[in-house]
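Below: the structure, in structure tokens.
Values in this document were obtained by computation on a predicted structure and should not be read as measured data. Throughout, protein chains are lettered first and strands after them, A, B, ... in sequence-line order, and every chain is numbered starting at 1. Heavy atoms only: backbone and side chains are in, while hydrogens, waters and symmetry mates are out.
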8 protein chains.
Amino acid sequence: VVFCQNKTPEQVGGIFARLAESHSRVLGTRASEAAAAAVRANLPEAQYDPVSRLVWWKQDDSLASVSADAEYVLVACAGTADLPVAEEAAQTAEFLGCRVARAYDVGVAGIHRLFEHLELIQGAAAIISVAGMEGALTSVIAGLAACPVIGVPTSVGYGASFDGLAALLAMLNSCSPGVAVVNIDNGFGAAMCVYQMMRRIPG
Amino acid sequence: VVFCQNKTPEQVGGIFARLAESHSRVLGTRASEAAAAAVRANLPEAQYDPVSRLVWWKQDDSLASVSADAEYVLVACAGTADLPVAEEAAQTAEFLGCRVARAYDVGVAGIHRLFEHLELIQGAAAIISVAGMEGALTSVIAGLAACPVIGVPTSVGYGASFDGLAALLAMLNSCSPGVAVVNIDNGFGAAMCVYQMMRRIPG
Amino acid sequence: VVFCQNKTPEQVGGIFARLAESHSRVLGTRASEAAAAAVRANLPEAQYDPVSRLVWWKQDDSLASVSADAEYVLVACAGTADLPVAEEAAQTAEFLGCRVARAYDVGVAGIHRLFEHLELIQGAAAIISVAGMEGALTSVIAGLAACPVIGVPTSVGYGASFDGLAALLAMLNSCSPGVAVVNIDNGFGAAMCVYQMMRRIPG
Amino acid sequence: VVFCQNKTPEQVGGIFARLAESHSRVLGTRASEAAAAAVRANLPEAQYDPVSRLVWWKQDDSLASVSADAEYVLVACAGTADLPVAEEAAQTAEFLGCRVARAYDVGVAGIHRLFEHLELIQGAAAIISVAGMEGALTSVIAGLAACPVIGVPTSVGYGASFDGLAALLAMLNSCSPGVAVVNIDNGFGAAMCVYQMMRRIPG
Amino acid sequence: VVFCQNKTPEQVGGIFARLAESHSRVLGTRASEAAAAAVRANLPEAQYDPVSRLVWWKQDDSLASVSADAEYVLVACAGTADLPVAEEAAQTAEFLGCRVARAYDVGVAGIHRLFEHLELIQGAAAIISVAGMEGALTSVIAGLAACPVIGVPTSVGYGASFDGLAALLAMLNSCSPGVAVVNIDNGFGAAMCVYQMMRRIPG
Amino acid sequence: VVFCQNKTPEQVGGIFARLAESHSRVLGTRASEAAAAAVRANLPEAQYDPVSRLVWWKQDDSLASVSADAEYVLVACAGTADLPVAEEAAQTAEFLGCRVARAYDVGVAGIHRLFEHLELIQGAAAIISVAGMEGALTSVIAGLAACPVIGVPTSVGYGASFDGLAALLAMLNSCSPGVAVVNIDNGFGAAMCVYQMMRRIPG
Amino acid sequence: VVFCQNKTPEQVGGIFARLAESHSRVLGTRASEAAAAAVRANLPEAQYDPVSRLVWWKQDDSLASVSADAEYVLVACAGTADLPVAEEAAQTAEFLGCRVARAYDVGVAGIHRLFEHLELIQGAAAIISVAGMEGALTSVIAGLAACPVIGVPTSVGYGASFDGLAALLAMLNSCSPGVAVVNIDNGFGAAMCVYQMMRRIPG
Amino acid sequence: VVFCQNKTPEQVGGIFARLAESHSRVLGTRASEAAAAAVRANLPEAQYDPVSRLVWWKQDDSLASVSADAEYVLVACAGTADLPVAEEAAQTAEFLGCRVARAYDVGVAGIHRLFEHLELIQGAAAIISVAGMEGALTSVIAGLAACPVIGVPTSVGYGASFDGLAALLAMLNSCSPGVAVVNIDNGFGAAMCVYQMMRRIPG
């Protein structure tokens, strides 16, 4: 896995080329379009998603066949502005071979939209809950779920959100048991944590 | 109104006695039992509630007759530890002549308990929402209500709650419109704000 | 209501077009001129104010006829740099059908200018008090008024204003009863809160 | 589960008695010796551990029979001062039916002590890593393990530890993938999160 | 000058005795009653004020004769809880030979009480403005005065006052020119600063 | 006085033109070159200094004749990077009619350079001490001087200077008596405070 | 080395007894008088200093013979309140076999007292500079010395010292080269760092 | 030594030319390519490294001959993003005549890479440990080394790294003895501190 931010496109392209020689798959996070282009110059079959800003390359697709009734990770997010972080989490989990379900735009201001996904929440093996501003979504979901919930605070907001601090503190103080938290905007980290859980669960 | 904290019982007793000469009702907040006793030494009919830590004196009871179908303030609180602040708000509002409804122990970890009060929430003229830890209750209530919601963060919690800072920031960043916030543990202030709203609403 | 910041003009234009099909009025906050142009490409009768950065569209004007002797909201602001936030509040309240009075440039450094508006302050049904730097205006106004005061701290200032934190803390600690506070620069939120108060007041 | 802090012994005793009527097991966290005594007045078979400050009651012991070759949770802690939090986590997990292994006093200042437990680390299904001061243990363990690691920062330290903030920030910024974090001193929360992971893993 | 806090009564008594041999006057700040008693054991003519917590000793009274029409320092304070800090400032200035006027309990919540002292404010050679909570008094006074204003934030307040931080930030951001600020609760420091101004002003 | 930051050149030019009609002198702080040009379009005799970023206009020069043996303000600064703030202070004081002496580049890392100015320090009627980074200059100067010292922390520094916070806190905690502090980078405010002191000192 | 804080006297006594079996010397920091008594119950020749709160035991005194013209560490401290931290540093260094010189009560408010020690400063092989409040001593000393300076911020102060944060930030931002910093009140850590430097210097 | 940041290329060029007249070597830190070009316009033999952003000039090379078996400083860094700070430290130490060894990309997530350098760590006379994010490298190294370790936190990271604050706090709270810390990103300061240690060590 390559953290592309603060690296030049040339550096990213070079690292991917080198890693592709010894690995069967490579993932880059926080990649600009230019970085993705540099990757594809060497590895034309590499793929890029401008929302999640992930770039990835796989030797073959055989890895990706996930059974449709496998245990799944649910990625939930509060608002459309949280989408890039949510997709970073979801696509990373998919890259790692997890089955992923999505419940987007389910912020607590309109809580009925969250309840439409109740069955999805209660059936998940793990949940990644992505929210900025006051981060309340994570507590509400954890109150409804019986599985571990990884909260991802985002830097969405302004003023007293202090670039995600408000959401971070809220999630750390969740009154619902079973919540653990990763760094602000760290969708990748949440996916890694959930992937390591899922590996041990059969099915 | 007398803020009793940091005053000696003698000082509180003296202030009440002096105010009772020129006013028909006096309220003291954050009063210890000793302070309340000092008040009652001069004004035997004064009343004290050890939960809300309010002490009050009224010349006569005629003020208190609130019509049972008047517009009402709803005071909601997340957990039992938030009760002293919630009761400071509720009893202050009652002292000021408001009709008050209560919905306690409705934290978002068990959101079905909140929904049992849905009608009460949607019928209120104003809501005071009291919560510590992550303070998520306020956003959820404001998403359900059509009236103004005054959030009161409490210092309940530990560690990264930073004595109420987490709840304060969460409420300031509420994604639900119509929320305004008072200082940590300031049940009295919320009641005053709501009282000034209610005075203009007939009924 | 659409929060336009961090959205492309095309996204804003599309959301407005879609909402205008099912609603009789749409409001966008924090809109750039480009976003407003994109809205007007589809909805030519939409209006934009570059100071408040609001863009709005209404199906017809019949909504806007506010009686000249209706209860009114007073929007007060401390300095000219606070004007964008004050106008976001004032115009949002007007969009929502409230009668709005304004008292601008009444910071406490020249307190006589504030007193010229004393009658306006004492006659208001609700006040939105907008101030940056030390945020003292809100406490002074709340001491003069008998109605609820919603404080809006602004990010105006430098150094130890910490982008509005100083004003936010000052307003949360107001020694005048009846003050509640919204997020830094959140003129829209203050207007929503006040609108929900005003709806219940006849007149 | 009962959070006993800030409750009187009588309250704790009463809550336990009431819950024991409808549940087969009850756990109390942050319980004083007095609170535990009050519990045992009603439920003589309840048990108390003064290090973890947990008090618990179970209807029968049949729940506790954990297979010796079941998947296990490893609870690691950096120093002896972190022991109460580590034991809160370990005993809670045991109460919930998890098999628990312990690796204590393995702080990074003497990293050879940590490496003595390498096999234990690499064989765990989940790890709870408890550390105060600079919280470096969690990153080092997560670099060695292939399972999810839940970091529990503790308030152990002084000065610029700011009551656990230094360890909290360190763990949130872990450069090792697979780490998620709970509130300062929240051993219980870590155990709950891990318990919800373990339930889905057969064995 | 002796800062008595964190010193034993014996230490304070000893320091005073030693200083009195080589100086004609000695002042101690933050002195407990026990410390004052220890001073008086050696220097029976020493005086103590339990509000300001100052203890002082002068060889003779000839120093204290201040002309009744000398330029004066005005010490203003917002609430009764700020009184100990205000008196520390006022009595220190008097000890140093300044003529001092007082305007107490003039917080901005009841701004008419402040205006009753308008002449006193406008005639002062320097003003020490003492306030906790939101600290707004200092800005209002500085807007009315033509002399330097030294703001003393106090730790009076709770919650988001953060032990005086809110008042400190407010005063540092004062929109009125001519304000400078000392540390939280530092009445002594304000008096020293003003004393050094006054020495150069004849009269 | 006009605070030009966040105003367009046209606005600044217009305000100057309007003020010049009713006042004999006008000062603008934090002015860009463009703003200064806009002022001079209307008032050709206005002057601008690109270091202090002050722009000023005076009806005639008769005000500026300061006696060479008048009491003087000393402006001291620690490093060359603090110069813009120091010059804002010095030139503002001169604009207001004060005699100003300068001691620049006298940071405590090379304390002998400070001691070369000892006579200047001890003869001053007031001192403005400008320093970033650790802000130690102010304490050292106040230990050497017998007059009031106004500390101006600057945002010079990086990392743990937190944009001037380190210097601000250092100055507020000065162990030398007679120090008061203004906002970070607020050279203008220090000059105003000192000007109001100096007006009362004859000579 | 044993960090005694938060350990019971019995625990401290036991640890010392156990360590004395396998080591020729043992040091305990932050020890209460009771802890020291518990140590001496087993090891009667152990010594305790109530100022530094160190307790130590050595098998024989042969270790302590330091040549009078060896390279020395200078421990400097700003005020008498910083003495416990300074002595923790000095006595720890002595325990470790370093020659130690002391320069106490040399705060920058009276900088001439510091200059009386100029020769001592310039001859040192390493300096430990202990200061609270604004922590300016460290920068001034580092400007005078040619050896490494380890700054120890102390929690001495009140209000905006924020329990040593002001001094910590000041020392981290020192404009004098050659300064490094340890945790607030960590005299022991500074001594350890200096001891590891000194070991390599012959003499 | 010249701190080039915030200076124009012309200023930097001029300062270098002036210093080269009276010194035999000059070093500039945080220099842009433009600044380096301006230096070389006057001093063509000056050298520039774009990674460390150092520019330096030496009259002759005779200074640089360091014995290959001299005591050495080890510069260790956690990740490639920390390289500019690590090289600022390493090249500054080399400029000052120290022998420097490097161990890069040895972050604790892959602790085996660190152990490959164990001999280098244990043989060093001093270590500069550079790390961002959670800064754990410094504690681990200090646990392995017997020499002083100077920690340099870097601003590498995002979200709750708060621009290096997390790493700074972690290093200040290191549980390994012998660690002292410099400002965030201050590679130069660490090198100066180590240089002053090394000067006294023969060899």
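Under a 4.0 Å N-O distance rule, the pair E:Arg25/E:Glu94 does not qualify as a salt bridge.
Partner of E:Asp82 under the side chain to side chain contact (heavy atoms under 4.5 Å, CB included) criterion, out of E:Leu137, E:Asp185, E:Val130, E:Val152: E:Val130 alone.
Heavy-atom distances place both the backbone and the side chain of E:Ala160 under 4.5 Å from chain C. Looking at E:Phe162, only its side chain comes within 4.5 Å of chain C, counting heavy atoms on both sides.
Here E:Cys175 is the residue among E:Gly143, E:Ser176, E:Cys175 with the most heavy-atom pairs under 4.5 Å with chain C. With chain C as partner, the option from E:Gly157, E:Ala136, E:Ser174 having the largest number of non-hydrogen pairs under 4.5 angstrom is E:Ser174. Options C:Thr138, C:Leu165, C:Leu168, C:Val140 differ in how many heavy-atom pairs under 4.5 Å they form with chain E, and the most are formed by C:Val140.
Dense packing is recorded around CD of E:Glu45, with more than 12 heavy atoms of other residues, nucleotides or ligands lying under 6.0 Å away.
A donor-acceptor pair is defined here as one N or O able to donate and one able to accept, closer than 3.5 Å; such a pair exists between the side chain of C:Tyr48 and the backbone of C:Ala31.
In this structure, the separation between CE on E:Met198 and CZ on E:Arg99 is 9.0 Å, given to the nearest 0.5 Å.
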